[in-house]
Amino acid sequence: MGRVFHKKIPVLLVVITLIAGTILCACGNSSKETIRSAEVPMYFYSIDQQDSINLYFTDDSLDIPYLDIDTVEELIERVYHEINEDNGYSLDVEKSGSLVTFIRDNQYYMEIDFDKDTFSFKDFDAFFVPSWSKTIMDVLSPDGVFDGFIISEDSSYSRYGSEVVIDLKKYGIDLVADGGNYYIPLQTVSDIMLALPCYVLLLYNEKSVFVYEYGSETGKDLLKKWYEAEPVQEKSEALSEFSYNELCMVMDYYYGLKEYHGIDSFDKFFSDVALKDALKSQDSAVGANALSVFLDLYIDDSHSGYTLNSWRLGMDAEVESKYGHSALSMYESSMKYYQARMEYFPEEVPGYQEVGNTAYITFDSFMTKDKDVDYYKEPPTADTEDTIGLFLYAYSQITRENSPIENVVFDVSLNGGGDTVTASYIISLILGEGTLCIHDTLTGAYANESFRADANLDGQFDEKDSLLDYNLYCLTSPSSFSCGNLMPSVLKSSGMVRIIGEQSGGGACVVMPLSTADGTILQISGPNRLSYMKNGSIYDIDKGIEPDYIIDKPEHFYDRAKLTDYINSLY
């Protein structure tokens, strides 16, 4: 049960000067509305970067802010330059009647029709892709992970997607324009223009605006500042309606597993599961509980979930938690394998271990400890918190002079995922050239990217940079999820690595962070699916990968002496 909340009368949390604006038309409506403007503080990326921003409101409640089109342009460019570190990204804006067109440096565009209330993209992916990308979608940063990792341009390619039109009108979301002035809801800017390509959310607490990079270290202090606003549990009817409509819109267009759930319309789905009224409630606690139940019980895909309370409830307010079968099964599986591993490794499982002629590399996530590390100058170690360093160390040991190693086992039995860039590096180190396919379910586009890693740190990318001279195995369990599922899927499809253990846990879609208009932070399985390509066809990995050799008892995963004997019997 959640905590009982006491209703409060909504109050304006900061004294701001409201200036009566021009009488404008809310396009799509016949009524005239007075636009009010307010200058409020804006915290960009961290609390140390405080600026101001002008917000606009179409009613007196001040809880549904709009941004003018010039501010939108400046904000998007600043996010790309300062947070995405993409200085090549630039926008030109053309205004004509009810149309505003944003034109990228690569000449792809986004057209906003303030009469029809639509966002149109000739190519959605090309409009948002970083300026340095070699393909239509890219998992790398401009410089890769470090100097020893590159994209293989000759074997990387893209398929462009279909035109996308996001129709806001059918969700009751209004764009406002008149006399050369154009206004877009701040929440819509966050959802369509920043959340997916940049992992950036625009948060508003009726006191300030916060440009928040999801999951960043600097974002922790920024969120504390966001929560300083006094909780206001009761929402206006207009905000409740708008927040629900925006949620339906973003789920309809961006949720990457709709067809697997049999969902055509989330508005209809919410009615079918009796959550619609609660999600539209003016009581923030009721709405938060319903959102948590929707994500964690009904969606139940382990990439989607309720992340943080709205400032309206406060950071520590309890929200009802109900979990679906998939989440509970994965938790039970993880505990079973974790306990089995503890019996053999009561202190800590070593990242690198040799048992006879077999090397074991064990890692529970894909993480880069320091993206600026120079392994050419700093020798890598077997640190399990630095996956790339661990693999470089393991490679040096496996390939050392007079090495006894004949078999190499990659243990991802308790690997819950992590960074796709790191996963791409590890796949490349193993196979010599690693390939990863990303498929956009929104547009139909895909990119097939190939990479190479300098495994022996000799400054060359050549045939020596792989582990293909050894018998290779990947140990998987139902707890091998997300990138812990991606890696064995790609390795198996290569035909060079055998999968042992049990079927992996799945998880295909790249996480997409979101916020609701009333301030709740969540994440969903976004439209970009991690996949692999075989015989020219794309296969997503959401169902997991079946092993070549089944090991059905968890204790047999970690009895390394017996497992080594078993592996030696396979050839």
Q: Determine whether Tyr253 and Pro527 make a side-chain contact, defined as any pair of heavy atoms from C-beta on separated by less than 4.5 Å.
A: no

Q. Using 4.0 Å as the upper bound for N to carboxylate O, is an ion pair formed by Lys268 and Asp264?
A. no

Q) Less than 4.0 Å between a side-chain N and a carboxylate O, is that true for Arg312 and Glu206? A) yes

Q: Examine distances only and state if a side-chain atom of Thr218 and a backbone atom of Tyr45 form a donor-acceptor pair shorter than 3.5 Å.
A: yes

Q.
Looking at Lys122, I'd like to know if its NZ atom is crowded, meaning that more than 12 non-hydrogen atoms belonging to other residues, nucleotides or ligands lie closer than 6.0 Å.
A. no

(Q) Quick check for you: to the nearest 0.5 Å, what is the distance between Asp419 atom CG and Met367 atom CE? (A) 10.0 Å

Q) What's the spacing between Asn205 CG and Lys225 NZ if we round to 0.5 Å? A) 9.5 Å

Q | Glu163, CD: over 12 other non-hydrogen atoms inside 6.0 angstrom | A | yes

Q: May I ask you to decide whether Asp267 forms a salt bridge with Lys280, counting only side-chain N to carboxylate O separations under 4.0 Å?
A: no

**Q.** Shortest non-hydrogen contact between Asp174 and Tyr66, atoms and distance
**A.** O-OH, 3.2 Å

Q | Minimum side-chain heavy-atom gap Phe242-Ile173 below 4.5 Å | A | yes

Q: Step by step, work out the salt bridge (Lys or Arg N to Asp or Glu O under 4.0 Å) result for Lys95 and Asp70.
A: CA-CA 11 Å; Lys95 306 171 185 177; Asp70 294 327; 3.1 Å; yes

(Q) I need the minimum non-hydrogen distance between Tyr199 and Met512, along with the two atoms involved. (A) OH-N, 4.2 Å

(Q) I need the single residue from Thr188, Asp113, Val164 that forms a side-chain contact (heavy atoms from CB on, under 4.5 Å) with Phe119. Which is it? (A) Thr188

**Q.** Residues Glu449, Thr135; criterion side chain to side chain donor-acceptor pair (under 3.5 Å); working and verdict
**A.** CA-CA 7 Å; Glu449 290 190 301; Thr135 56; 2.9 Å; yes

Q: Quick one: pull up CD1 in Ile136 and CG in Asp125 and give me the separation to the nearest 0.5 Å.
A: 5.5 Å

Q: For Asp51 and Arg78, run side chain to side chain contact (heavy atoms under 4.5 Å, CB included): C-alpha distance rounded to whole Å, both residues' side-chain angles, the deciding distance at 0.1 Å, then the answer.
A: CA-CA 13 Å; Asp51 299 301; Arg78 186 177 178 188; 2.8 Å; yes

Q) Closest approach of Tyr204 and Phe57, non-hydrogen atoms and distance? A) OH-CZ, 3.6 Å

Q | Nearest atoms (heavy-atom pairs only) where Leu175 meets Asp117 | A | N-OD1, 3.1 Å

Q) Does Asn87 CG have over 12 foreign heavy atoms under 6.0 Å away? A) yes

Q: Mark yes or no: Arg529 above the aromatic ring of Tyr260, with NZ or CZ under 6.0 Å from the six-membered ring centre and no more than 45 degrees from the axis.
A: yes

Q) Counting N and O atoms only, with roles assigned by atom type, does the side chain of Ser304 sit under 3.5 Å from a partner on the main chain of Ser525, one being a donor and the other an acceptor? A) yes

Q | Residue of the set Leu186, Val250, Leu201, Leu202 for which side-chain contact (heavy atoms from CB on, under 4.5 Å) holds with Asp191 | A | Val250

Q.
With a 3.5 Å distance limit and no angle check, can you tell me whether Ser424 reaches the backbone of Thr420 through a side-chain donor-acceptor pair?
A. yes

(Q) I want to check something: taking the side chain as every heavy atom from C-beta on, are Trp311 and Lys207 in contact at a cut-off of under 4.5 Å? (A) no

Q) Once you round to the nearest 0.5 Å, how far does OG of Ser326 lie from CG of Asp296? A) 12.0 Å

Q: Test Phe269 against His261 for ring pair (Phe, Tyr, Trp, His ring centres under 6.0 Å), laying out the working first.
A: CA-CA 10 Å; Phe269 176 81; His261 286 268; 7.6 Å; no

Q. With a distance cut-off below 6.0 Å to the six-membered ring centre and an angular limit of 45° from the axis, does Arg36 pair with Tyr56 as a cation-pi contact?
A. no

Q: Go through Asp518 and Thr520 one step at a time and tell me if the side chain to side chain contact (heavy atoms under 4.5 Å, CB included) criterion holds.
A: CA-CA 6 Å; Asp518 57 9; Thr520 305; 3.9 Å; yes

Q.
Between Met330 and Phe481, is there a side-chain heavy-atom distance shorter than 4.5 Å?
A. yes

Q: Might you point out which heavy atoms bring Glu320 and Asn289 nearest each other, and give the distance in Å?
A: N-OD1, 2.8 Å

Q.
For a quick test of reading the model, state the closest non-hydrogen atom pair linking Leu295 to Tyr306 and the distance between them.
A. CD1-N, 3.6 Å

Q | Side-chain heavy atoms of Asp123 within contact of Tyr109, under 4.5 Å | A | no

Q.
Just verifying a value: how many Å separate Tyr227 OH and Asp316 CG, rounded to the nearest 0.5 Å?
A. 8.5 Å

Q.
Taking the side chain as everything from C-beta on, heavy atoms only, tell me whether Val319 gets closer than 4.5 Å to Ser292.
A. yes

Q.
Quick check: do Pro231 and Leu313 have side-chain heavy atoms less than 4.5 Å from each other?
A. no

Q | Side chains of Arg104 and Phe128 in contact at under 4.5 Å (non-hydrogen atoms) | A | no

**Q.** Pro478 and its side-chain contact (heavy atoms from CB on, under 4.5 Å) partner, picked from Ser333, Ser329, Ser334
**A.** Ser333

Q.
Would you compute the distance between atom CD1 of Ile64 and atom CD of Glu246 and round it to the nearest 0.5 angstrom?
A. 10.0 Å

